[in-house]
Amino acid sequence: MSKEITSREVDYSQWYNDLVLKAGLADYSAVRGCMVIKPYGYALWENMRDILDKMFKDTGHVNAYFPIFIPKSLFEAEEKNAEGFAKECAVVTHYRLKADPNNKGKLIVDPEAKLEEELVVRPTSEAIIWNTYKTWIQSYRDLPILVNQWANVVRWEMRTRLFLRTAEFLWQEGHTAHATKEEAVEETTRMLEVYADFAENYMAMPVVKGVKTANERFAGAEDTYCIEALMQDGKALQAGTSHFLGQNFAKAFDVTYVNKENKSEYVWATSWGVSTRLIGALVMAHSDDDGLVLPPKLAPIQIVIVPIYKGEESKILIDGKANIIVQNLKQKGIRVKYDNADNARPGWKFAEYEMKGVPLRIAIGARDIENNVVELARRDTKEKTTVPLDGLEERVQLLLEEIQSAIFNKANQYRAEHITEVNTWDEFTKTLDETGGFVSAHWDGTSETEESIKTQTKATIRCIPLNNKEEEGFCILSGNPSKERVLFARAY
RNA sequence: CGGGAGGUAGUUCAGCUCGGUAGAAUACCUGGUUUGGGACCAGGGGGUCGCAGGUUCGAAUCCUGUCCUCCCGACCA
């Protein structure tokens, strides 16, 4: 076990914090609630971003950028959305500082530079975007608008956790405008599928696709679809959301179009987003007590090569061989790093790259060169094998694919073991406390019951799974009839 | 935002009760020996003790305020 981080058994939260810091993903900052994303963590985000960006473009979307500041009057136009976010908004009230006359070298807010109208730092951009769309849309010929933006947003959180909940975070937000309800609903589910595809096939993280209850719904949305993932401590994590916004924003911002019959109609809307929270999800879905375990498709470094040499002469020899391997791997499009720095010994490097979750390690020493082999070590299983140099590129390519699916399968099996169907209140609370994970149970469909269950157990309804099978039953709390099961869990 | 803990060398921490020249380990630098799972020897550099006030002849230590972090809770798409 790593000497550097707390084990999951001892303290799961501490394990997570240690891991994020020691693996070099992020740092705390001098600003309350805000973190610094370090180069390694940012490289991970860049990989995620690039893949998602391509997926968005492949589904017809284009990128744009809107202001970070939203005039309060615009922000409050869509009432429910504004109310939902009001409690966590940072607000700009002044535009200038000046020297403090009473305290040399210090600055104060210039009281004369008060803004006529306060600016809200965006917690999300529906308001400013729909205010803009009003000017973009006149006719059905202007629709659909399929825009995405990569941006930072601010939500003033009282309690923060690296990547999972910080005052400022990076995300993408898609905002689309459509002529018909059907088209908007279709867009909402299409993007949900994109997110699920990304989570499962790139992050190797199985997710449940579902729809949120009224209580958990995005403020201002008609329906909120989500992907829910399960972390290793049995808690659920919302990994992405896609909202069908109906005509709420169109009405609030008076966005209408003229249809083919020359009649004016309100535009239909969607919005959808994933954030740097995905990094937290990725960490908690796969990693172990030795450090990160990253899926090869997202790992900033897919293979690290560590030389093992005795003396300068053998180093030169090994460098030569290793550099050829590096070239060959790069030609195959593999992200490879050769670490021949001589300020750390091999054992230290092994531990370091395990901490950083590099999926594959190649060790090469004089002995290996003699035998025309290298040592391959898998991060996910810790398995070490000696393999011939001939055909190494093809072998590691296959191995990276195998690791990708092995990580997914492991997470998938864990999840399968942690979805429990229960039919009574006793079973329900017992499962939450002892097994954790998702608990599939009947619910009478009322907010009151949902609220009461939350108060009593801290479990929330994560979602009503899509394509849920109809099944007659009785609510675990109220005993009232129910037509389907929903997924409960304690969540991040 | 409430309760608890904490902030001293790059890092992890000791010193604080009971005020009196700033400590350890590790990391770093130099030289040497090493290198198949977090090396060893010798020498060296590095801290206005989170910040701001106050008490005192004297403050890391006592008092007040403030900022930041962690844990638990409340809040939260």
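Atoms considered below: every heavy atom in the structure, side chains included; atoms not considered: hydrogens, waters and symmetry mates. Proteins come first, then strands; the chains are lettered A, B, ... in the order of their sequence lines, and each starts at number 1.
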K.L.:
Give a yes or no on whether a donor-acceptor pair under 3.5 Å exists between the nucleobase atoms of B:G37, that is its base, and the side chain of A:K384.
P.N.:
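Result: at least one qualifying N/O pair found.
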K.L.:
Taking only N and O in the side chain of A:Y28, is any of them less than 4.0 Å away from OP1 or OP2 of B:C70?
P.N.:
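Yes.
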K.L.:
For nucleotides B:G44 and B:G4, find the distance between their C1' atoms and express it as a whole number of Å.
P.N.:
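About 43 Å, rounded to a whole number of Å.
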K.L.:
Take atom P in B:G50 and the same atom in B:U11, then report the distance between them in whole Å.
P.N.:
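These two P atoms come out 13 Å apart once rounded.
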K.L.:
Give A:D368 one of three labels, base, sugar-phosphate or nothing, depending on what nucleic acid heavy atoms sit under 4.0 Å from its own.
P.N.:
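The answer is base, as A:D368 lies within the cut-off (heavy atoms under 4.0 Å) of a base atom.
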K.L.:
Applying the Watson-Crick and G-U wobble criteria at under 3.5 Å, what pairs with B:G38? Answer none if nothing qualifies.
P.N.:
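Answer to the pairing question: none, since B:G38 forms no Watson-Crick or G-U pair.
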K.L.:
Does A:R165 make a cation-pi contact with A:Y492, if we ask for NZ or CZ under 6.0 Å from the ring centre and within 45° of the axis?
P.N.:
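Checked: cation-pi criterion not met.
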K.L.:
Need one value for A:A366: base, sugar-phosphate or nothing, where a base atom within 4.0 Å counts as base even if backbone is also close, heavy atoms only.
P.N.:
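Answer is base: heavy atoms of A:A366 come under 4.0 Å of a base.
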K.L.:
So, using side-chain contact (heavy atoms from CB on, under 4.5 Å) as the criterion, who are the partners of A:N323 when residues are at least two apart?
P.N.:
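side-chain contact (heavy atoms from CB on, under 4.5 Å) list for A:N323, sorted by chain: A:D319, A:Y338.
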K.L.:
If the cut-off is 4.0 Å, is A:K349 near the phosphate of B:G38, judged by side-chain N/O to OP1 or OP2?
P.N.:
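No, outside the criterion.
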K.L.:
Heavy atoms only, 4.0 Å cut-off, all strands: where does A:V306 land among base, sugar-phosphate and nothing?
P.N.:
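Result for A:V306 = nothing.
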K.L.:
Answer yes or no for A:K356 and A:Y40: cation-pi contact, defined as NZ/CZ to six-membered ring centre under 6.0 Å and angle to ring axis within 45°.
P.N.:
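A:K356 over A:Y40 ring: yes.
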K.L.:
Roughly how many Å apart are B:G19 and B:C57, using the C1' atom of each and rounding to a whole number?
P.N.:
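Nearest-Å result for B:C57 against B:G19 at atom C1': 12 Å.
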K.L.:
Report yes if a side-chain nitrogen or oxygen of A:N17 is closer than 4.0 Å to either non-bridging phosphate oxygen (OP1 or OP2) of B:C71; otherwise report no.
P.N.:
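Checking B:C71 against A:N17, a side-chain N or O does come within under 4.0 Å of OP1 or OP2.
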K.L.:
For B:C70, give its Watson-Crick or G-U wobble partner with both distances under 3.5 Å, or none.
P.N.:
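The base-pairing partner of B:C70, which may sit in any strand shown, is B:G4.
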K.L.:
B:G36, OP1 or OP2 - any side-chain N/O from A:R367 closer than 4.0 Å?
P.N.:
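A:R367 to B:G36 OP1/OP2: no side-chain N or O under 4.0 Å.
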K.L.:
Taking the side chain of A:E354 as its heavy atoms from C-beta onward, which of B:G37, B:C1, B:G36 lies nearest to it?
P.N.:
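The answer is B:G37, which lies nearest to the side chain.
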K.L.:
Distance-only criterion, 3.5 Å: show the donor-acceptor pairs between side-chain atoms of residues 430-437 of chain A and protein atoms not counting sequence neighbours.
P.N.:
from: A:T431; atom 1: OG1; to: A:E427; atom 2: O; distance (Å): 2.6
from: A:D433; atom 1: OD1; to: A:R490; atom 2: NH1; distance (Å): 3.2
from: A:D433; atom 1: OD1; to: A:R490; atom 2: NH2; distance (Å): 3.0

K.L.:
Going by side-chain hydrogen bond (donor to acceptor under 3.5 Å, both in side chains), name the residues that satisfy it together with A:Y309, two or more places apart in sequence or in a different chain.
P.N.:
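side-chain hydrogen bond (donor to acceptor under 3.5 Å, both in side chains) list for A:Y309, sorted by chain: empty.
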K.L.:
Would you mind telling me which of B:C71, B:G38, B:A39 lies closest to the side-chain atoms of A:R345?
P.N.:
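Between B:C71, B:G38, B:A39, the one nearest the side chain of A:R345 would be B:A39.
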K.L.:
In whole angstrom, give me the gap between the C1' atoms of B:A22 and B:A60.
P.N.:
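It works out to 9 Å between them.
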K.L.:
From C-beta outward on A:T160, which listed nucleotide comes closest to its side chain: B:C76, B:G37, B:C70?
P.N.:
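Side chain of A:T160 sits closest to B:C70.
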K.L.:
Please state the C1' separation for the pair B:G38 and B:C72 - nearest whole angstrom.
P.N.:
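Pairwise C1' distance, B:G38 against B:C72, rounds to 34 Å.
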K.L.:
Which donor-acceptor pairs under 3.5 Å do side chains of residues 21-34 of chain A form with protein atoms, sequence neighbours excluded?
P.N.:
from: A:S29; atom 1: OG; to: A:V31; atom 2: N; distance (Å): 3.1
from: A:S29; atom 1: OG; to: A:V31; atom 2: O; distance (Å): 3.2
from: A:S29; atom 1: OG; to: A:C34; atom 2: O; distance (Å): 2.6

K.L.:
With sequence neighbours left out, write down each residue that passes side-chain hydrogen bond (donor to acceptor under 3.5 Å, both in side chains) with A:R190, or none if nothing qualifies.
P.N.:
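With neighbours one apart ignored, the set is A:E186, A:E187.
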K.L.:
Report all interatomic pairs (protein N or O, nucleotide N or O of nucleotides 5-12 of chain B) with separations under 3.5 Å.
P.N.:
none

